[in-house]
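Each chain gets a letter, A, B and so on, in the order its sequence line appears, and its residues count up from 1.
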2 protein chains.
Amino acid sequence: MHATLRDANPPLTRSVEDYLKAIYHLSNQGGFAATSDIAAMLEVAPPSVSGMVKRLSETGLIEHVPYRGVQLTAQGRRAALKMIRRHRILELYLTQQLGYDWGGVHAEAEQLEHAVSDELIERMAGTLGNPQYDPHGDPIPTAAGEIEEAELVSLAEAGVGAKLELRQVGTQDPARLRYFAEQGLTPGVLLTVTDRQPFNGPTTIALVPSGDPRVVGRELALLLWCREVPVEQHGHASH
Amino acid sequence: MHATLRDANPPLTRSVEDYLKAIYHLSNQGGFAATSDIAAMLEVAPPSVSGMVKRLSETGLIEHVPYRGVQLTAQGRRAALKMIRRHRILELYLTQQLGYDWGGVHAEAEQLEHAVSDELIERMAGTLGNPQYDPHGDPIPTAAGEIEEAELVSLAEAGVGAKLELRQVGTQDPARLRYFAEQGLTPGVLLTVTDRQPFNGPTTIALVPSGDPRVVGRELALLLWCREVPVEQHGHASH
DNA sequence: TCTGAAACTTAGACTAGTCTAATCTTTGCC
DNA sequence: GGCAAAGATTAGACTAGTCTAAGTTTCAGA
Ligand SMILES: [Mn+2]
Ligand SMILES: [Mn+2]
Ligand SMILES: [Mn+2]
Ligand SMILES: [Mn+2]
């Protein structure tokens with residue numbers, strides 16, 4: 001064993017952890033993450049991404065096809081899911097135990113995720129009762145690296161007449177999150193689609209059971225991910 | 001305003017924050033912190049310290065007298081006390097809210113102190129009732145940067161017969177802390193010094209009120225910082 | 001007063017991560 | 001099928017932080 005050999009498994013740096021998360025989010029369902037999309041998500045210049053991509057593929061965390069994009073290896077995916085678990089448990093802990101609102105929580109978790117130990121995360125998860133979803137409805141990966149894959153439909157694409165449960169809110173923007181909260185649009189809410197205007201027009205919904213109407217423009221409707229609710233009529237299960 | 005000018009007040013890096021804390025701890029009561037002591041405390045080589053010292057004095061956080069040592073400026077002291085507040089609130093929060101024992105808490109706080117926001121620290125402090133002391137009895141600086149300066153005597157130097165209150169435990173070593181906890185030697189405990197053997201020998205104490213005896217070697221006794229308790233006899237205040 | 005050891009600084013190299021400017025590749029469109 | 005624009009990579013520079021090796025300063029003791 002030569003003293004000059006690099007440490008075989010050095011701990012990942014803050015930057016590397018954020019790159020892996022970004023690549024995970026951008027390469028859903030087996031696709032490639034593009035250099036420019038990673039750069040935009042992390043707010044760095046594209047050449048910075050090219051440089052990091054080189055290092056990450058040398059260490060076996062990603063697969064790089066030049067001019068095509070990158071994908072996580074199994075090892076890289078494990079590391080990404082670990083960070084996502086940390087991030088989402090932190091978000092939930094901050095909202096439930098320390099009074100954060102769901103808009104402010106993302107920025108704080110973005111920093112803390114790199115500093116917490118496994119032990120701290122598991123203690124937080126225990127305090128919270130080993131939760132399944134974060135404040136925005138996103139599934140929390142298990143400590144073993146499993147994550148729920150739900151088929152959800154965006155409110156902008158849901159059919160008129162559909163009865164839906166709002167499951168996930170697909171933004172971290174504090175202003176948009178605050179607006180959704182004001183409108184009562186938080187994960188778990190039931191609603192029916194009552195109208196959609198043509199030419200990318202707004203969707204009108206009625207909250208269940210209050211019946212309160214809401215009009216949601218396409219930009220925001222695309223952020224509201226819903227599950228179709230089987231319509232149960234007076235205790236009769238649908239067939 | 002030229003775009004080429006460096007940001008006037010960039011946020012401090014993790015390294016800088018740890019250097020400032022180390023210098024604070026090493027330059028108590030107006031003295032100088034020595035390069036080699038800073039290096040030992042941070043586990044870096046002395047030339048790394050010389051390099052950092054140059055940068056820190058250029059940014060006005062410390063004063064450097066070559067070959068003599070360094071001192072914090074007012075600005076550097078403010079920054080150091082802010083980090084110490086963070087560290088101690090984190091330690092207390094982790095022990096009181098998340099079930100950490102006082103041995104494991106230091107390493108976790110050492111990382112988190114660089115990642116938490118002011119808002120998070122103040123929320124934690126609020127949850128804890130704006131506490132004055134951390135789990136090891138160390139005073140927590142206020143948000144305004146005030147810190148209590150107590151005159152304490154080490155158990156190794158206290159006179160035989162003295163009645164003392166254990167106030168601070170001056171180590172972060174998990175093994176030593178665990179041992180102290182086993183022996184019932186935690187901040188707040190009352191005791192009397194019953195014996196001291198010569199030639200740097202052990203100190204024998206009796207816990208109050210149980211009377212249980214403990215024998216403490218000099219190395220550990222030097223870590224136990226105590227306050228003299230005015231001896232009140234059956235309700236008679238001492239004159 | 002000299003001298004040698006300890007402490008400190010300087011010199012020079014290296015890594016991680018970032019940037020701008022210049023140079024490929026790919027691809028949609030005429 | 002050719003070409004221009006978009007996207008990606010390479011080239012080269014820079015900062016922060018670390019190291020080892022080599023020189024400089026201080027100071028206690030002979
Ligand atoms: Mn992050
Ligand atoms: Mn979230
Ligand atoms: Mn630290
Ligand atoms: Mn402490």
**Message:** OP1 or OP2 of D:dA16 versus the side-chain N and O atoms of B:Tyr19: is any pair under 4.0 Å?
**Reply:** no
**Message:** Please report the distance, rounded to the nearest Å, between CG in B:Asp37 and P in C:dA6.
**Reply:** 16 Å
**Item:** For DNA chain D, the residues among residues 20-35 of chain B that have a non-hydrogen atom under 4.0 Å from it
**Value:** none
**Request:** Check DNA chain D against residues 63-70 of chain B and give the residues with a non-hydrogen atom under 4.0 Å, in numerical order.
**Result:** B:Tyr67, B:Arg68
**Request:** Determine: side-chain N/O of B:Arg55 to OP1/OP2 of D:dA16, distance under 4.0 Å, yes or no.
**Result:** no
**Message:** Under a 3.5 Å cutoff, is there a donor and acceptor pairing between the side chains of A:Ser27 and A:Gln71?
**Reply:** no
**Prompt:** Rounded to whole angstrom units, what separation is found between the CD1 atom of B:Ile38 and the C1' atom of C:dA7?
**Reply:** 13 Å
**Prompt:** Between atom CG in B:Leu12 and atom C1' in D:dA16, what is the gap in whole Å?
**Reply:** 13 Å
**Item:** Option from A:Arg14, A:Glu17, A:Arg86 for which side-chain hydrogen bond (donor to acceptor under 3.5 Å, both in side chains) with A:His114 holds
**Value:** A:Glu17
**Item:** Worked verdict on B:Arg85 versus B:Glu122 for salt bridge (charged side-chain N to carboxylate O under 4.0 Å, His left out)
**Value:** CA-CA 10 Å; B:Arg85 174 174 171 80; B:Glu122 298 318 320; 2.6 Å; yes
**Message:** Show the nearest heavy-atom pair for residues A:Gln168 and A:Leu166, with the distance to one decimal.
**Reply:** O-CD1, 3.8 Å
**Request:** Return the value, rounded to whole Å, for the distance between atom CG of B:Leu61 and atom P of D:dA16.
**Result:** 13 Å
**Message:** Could you tell me how far apart B:Leu56 (CG) and C:dT9 (P) are, to the nearest whole angstrom?
**Reply:** 13 Å
**Item:** Per B:Ser15 side chain, nearest of listed nucleotides D:dT18, C:dT18, C:dT9
**Value:** D:dT18
**Item:** Short side-chain N/O contact from B:Ser48 to OP1 or OP2 of D:dT18, under 4.0 Å
**Value:** no
**Request:** Look at the side chain of B:Ser50 and decide which nucleotide, out of D:dT20, D:dA16, C:dT10, has an atom nearest to it.
**Result:** C:dT10
**Request:** In whole angstrom, give the distance that lies between atom NE2 of A:His114 and atom P of C:dA16.
**Result:** 18 Å
**Complete:** Regarding the side chain of A:Ser36, the nearest nucleotide among D:dT18, D:dA8, C:dG17 is D:dA8
**Message:** Expressed as a whole number of angstroms, how long is the span from A:Met52:CE to D:dT10:C1'?
**Reply:** 17 Å
**Item:** Selection from D:dA21, D:dG17, C:dT18 that lies nearest to any side-chain heavy atom of B:Pro47
**Value:** D:dA21
**Request:** Side-chain contact test, heavy atoms from C-beta onward, threshold under 4.5 Å: evaluate it for B:Leu220 versus B:Arg176 and give yes or no.
**Result:** yes
**Asked** Considering the options A:Val44, A:Leu42, A:Val70, which one meets the side-chain contact (heavy atoms from CB on, under 4.5 Å) requirement together with A:Val49?
**Response** A:Val44
**Item:** Which residues share a ring pair (Phe, Tyr, Trp, His ring centres under 6.0 Å) with A:His106, sequence neighbours left out
**Value:** A:His87
**Prompt:** Does A:Glu113 come within less than 4.0 Å of A:Lys82, counting only side-chain N to carboxylate O?
**Reply:** no
**Prompt:** Which whole-number value in Å describes the distance from A:Lys54 NZ to D:dA8 C1'?
**Reply:** 13 Å
**Asked** Would you say B:Tyr19 and B:Val53 make side-chain contact, with heavy atoms under 4.5 Å?
**Response** no
**Prompt:** Can we say B:Lys54 and B:Glu58 salt-bridge, meaning some charged N sits less than 4.0 Å from an Asp/Glu carboxylate O?
**Reply:** no
